[in-house]
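In listed order, ligands and their atoms are each counted from 1.
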Amino acid sequence: MKIMVCGKGGTGKSSLTVLVARALSKDHKVYVIDSDESNTLLPNILDAEPPKAIVEYLGGKGTIFEKGEVNITKALAKAGEGIRLDELPSEYSSSSPEGIRLLTIGKVREFGEGCACPFNFLLRTLLKNLNLINGEVVLVDTDAGIEHLGRGVEEGCDAVLAVADPTAESLELAKILEEHVVKMGKSFWLVVNKVTPDIGDIINRKAKEMGLEVLGTLRFDEKMFKSCLEGVRLEAEEGYKDVETILKRASLM
Ligand SMILES: Nc1ncnc2c1ncn2[C@@H]1O[C@H](COP(=O)(O)OP(=O)(O)OP(=O)(O)O)[C@@H](O)[C@H]1O
Ligand SMILES: [Mg+2]
């Protein structure tokens with residue numbers, strides 16, 4: 001199962017990716033792919049070392065379009081078997097204490113380095129040509145917004161887990177995502193994050209007005225907030241319980 005975690009900036013995509021990965025890692029081999037070309041918090045909150053970027057394995061960002069899908073797949077896969085993430089050299093992934101493997105596509109670091117399009121192309125190619133076995137799960141923590149949608153990255157996944165926070169704007173973005181994702185024949189789940197007790201009803205009303213189905217909500221959890229502020233392993237009490245409930249509703253647990 002290949003799941004992309006998407007949504008507006010700052011809604012909690014990376015945090016939710018970590019909690020979902022932890023919950024699913026109890027019964028599955030879980031890979032997390034960091035596809036955010038600028039943010040660097042994910043390894044810290046997952047509690048894994050930052051691995052070398054896959055784009056470097058392929059010779060750098062500048063070579064990606066030139067290589068194209070066929071050559072990228074050839075470079076990453078054994079003949080005819082599709083891409084197995086565990087066959088990449090060890091420095092291109094790291095592990096959390098739970099055994100969750102972390103991989104990263106690449107980061108924009110230099111001024112004037114150009115756009116992130118090669119990263120999206122690489123991610124799309126990777127997802128489309130992955131060979132998953134024995135119920136393995138791949139979770140992709142995406143960058144903010146929907147640029148990846150414009151690049152067709154979602155074509156390679158099975159499902160999109162959209163994260164909204166309690167703002168009209170982020171629900172609107174989730175609606176756009178839903179329309180495209182459902183059209184592609186993929187599963188779509190929406191989670192509203194950072195919900196405080198007084199606003200549950202407003203969210204349900206807004207979502208209904210917009211024709212959005214909310215799979216579940218994730219409470220505002222002060223422990224989560226503090227661990228992201230410190231840049232350390234994500235601690236979550238209430239938040240983790242909410243994620244388990246959400247995953248059960250999506251029949252993922
Ligand atoms: N349930 C929650 N309770 C409290 N704080 C939360 C919760 N979820 C996320 N946060 C906080 O919201 C902020 C953004 O979270 P996170 O980095 O996971 O979002 P993101 O969508 O990945 O952001 P970006 O778009 O920048 O990648 C962080 O300060 C994080 O601690
Ligand atoms: Mg993030």
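Those atoms of ligand 1 that come under 4.0 Å of a heavy atom in M224, given as number and element, are 1 (N), 2 (C), 7 (C), 8 (N), 31 (O). Listed by number with element, the atoms of ligand 1 under 4.0 Å from a non-hydrogen atom of S14 are 18 (O), 20 (P), 22 (O). Short contacts between ligand 1 and A144, defined as distances under 4.0 Å to a heavy atom of the residue, involve ligand atoms 25 (O). Close approach to D36 involves these atoms of ligand 1, each under 4.0 Å from a residue heavy atom: 27 (O). Atoms of ligand 1 lying under 4.0 Å from any heavy atom of G9, numbered from 1 in the order shown and given with element: 25 (O).
Every heavy atom of G239 sits 4.0 Å or more from the atoms of ligand 1.
Other residues, nucleotides and ligands contribute over 12 non-hydrogen atoms within 6.0 Å of the CD atom of E91. In this structure, E81 places its CD atom where more than 12 heavy-atom neighbours from other residues, nucleotides or ligands lie under 6.0 Å away. Around NE2 of H180, the count of heavy atoms belonging to other residues, nucleotides or ligands within 6.0 Å does not exceed 12. The environment of F220 atom CZ is dense: over 12 non-hydrogen atoms of other residues, nucleotides or ligands sit within 6.0 angstrom.
Of the protein's non-hydrogen atoms, N193 ND2, 2.8 Å is the one closest to atom 8 (N) of ligand 1. Atom 14 (C) of ligand 1 has its closest protein heavy atom at G10 O, 3.6 Å. Looking only at heavy atoms of the protein, atom 21 (O) of ligand 1 is closest to K13 NZ, 2.7 Å. Shortest contact from atom 30 (C) of ligand 1 to any protein heavy atom: C228 SG, 3.5 Å. Nearest protein neighbour of atom 13 (C) of ligand 1, counting heavy atoms only, is K194 NZ, 3.7 Å. For atom 27 (O) of ligand 1, the closest non-hydrogen atom of the protein is N39 ND2, 3.0 Å. Protein heavy atom in closest approach to atom 4 (C) of ligand 1: D221 O, 3.2 Å. S15 OG, 2.6 Å is the protein heavy atom nearest to atom 18 (O) of ligand 1.
Excluding water, every protein N/O/S atom under 2.8 Å from the Mg ion (ligand 2) is given here by residue and atom: S14 OG.
Between E136 and R84 a salt bridge is recorded (basic side-chain N to carboxylate O distance below 4.0 Å). Using a 4.0 Å cut-off between a side-chain N of Lys or Arg and a carboxylate O of Asp or Glu, R205 and E209 qualify as a salt bridge. A salt bridge is defined here as a Lys NZ or Arg NE, NH1 or NH2 lying under 4.0 Å from an Asp or Glu carboxylate O, and D221 with R219 fails to meet this definition. Under 4.0 Å is where a charged nitrogen must lie from a carboxylate oxygen, and between K226 and E222 at least one such pair does.
Under 4.0 angstrom from ligand 1, there are no non-hydrogen atoms of L16. Under 4.0 angstrom from ligand 1, the non-hydrogen atoms of R219 all belong to its backbone.
The N/O atoms of T11, backbone and side chain alike, include one that comes under 3.5 Å of an N/O atom in ligand 1.
For the atom pair L19 CG and K241 NZ, the distance stands at 13.0 Å (nearest 0.5 Å). Taken from OH in Y31 to CG in L130, the straight-line distance is 9.5 Å, to the nearest 0.5 Å.
By the 4.5 Å side-chain criterion applied to Ile, Leu, Val, Met, Phe, Trp and Tyr, V70 is assigned to no cluster and stands alone.
Each of H148, K186, K2 was compared with E154 under the side chain to side chain donor-acceptor pair (under 3.5 Å) criterion, and only H148 meets it.
For residues 156-175, the side chain to side chain donor-acceptor pair (under 3.5 Å) pairs, not counting sequence neighbours, are D165-T167, D165-S170, T167-S170, K175-E178.
Not counting sequence neighbours, Y240 has no partner by the ring pair (Phe, Tyr, Trp, His ring centres under 6.0 Å) test.
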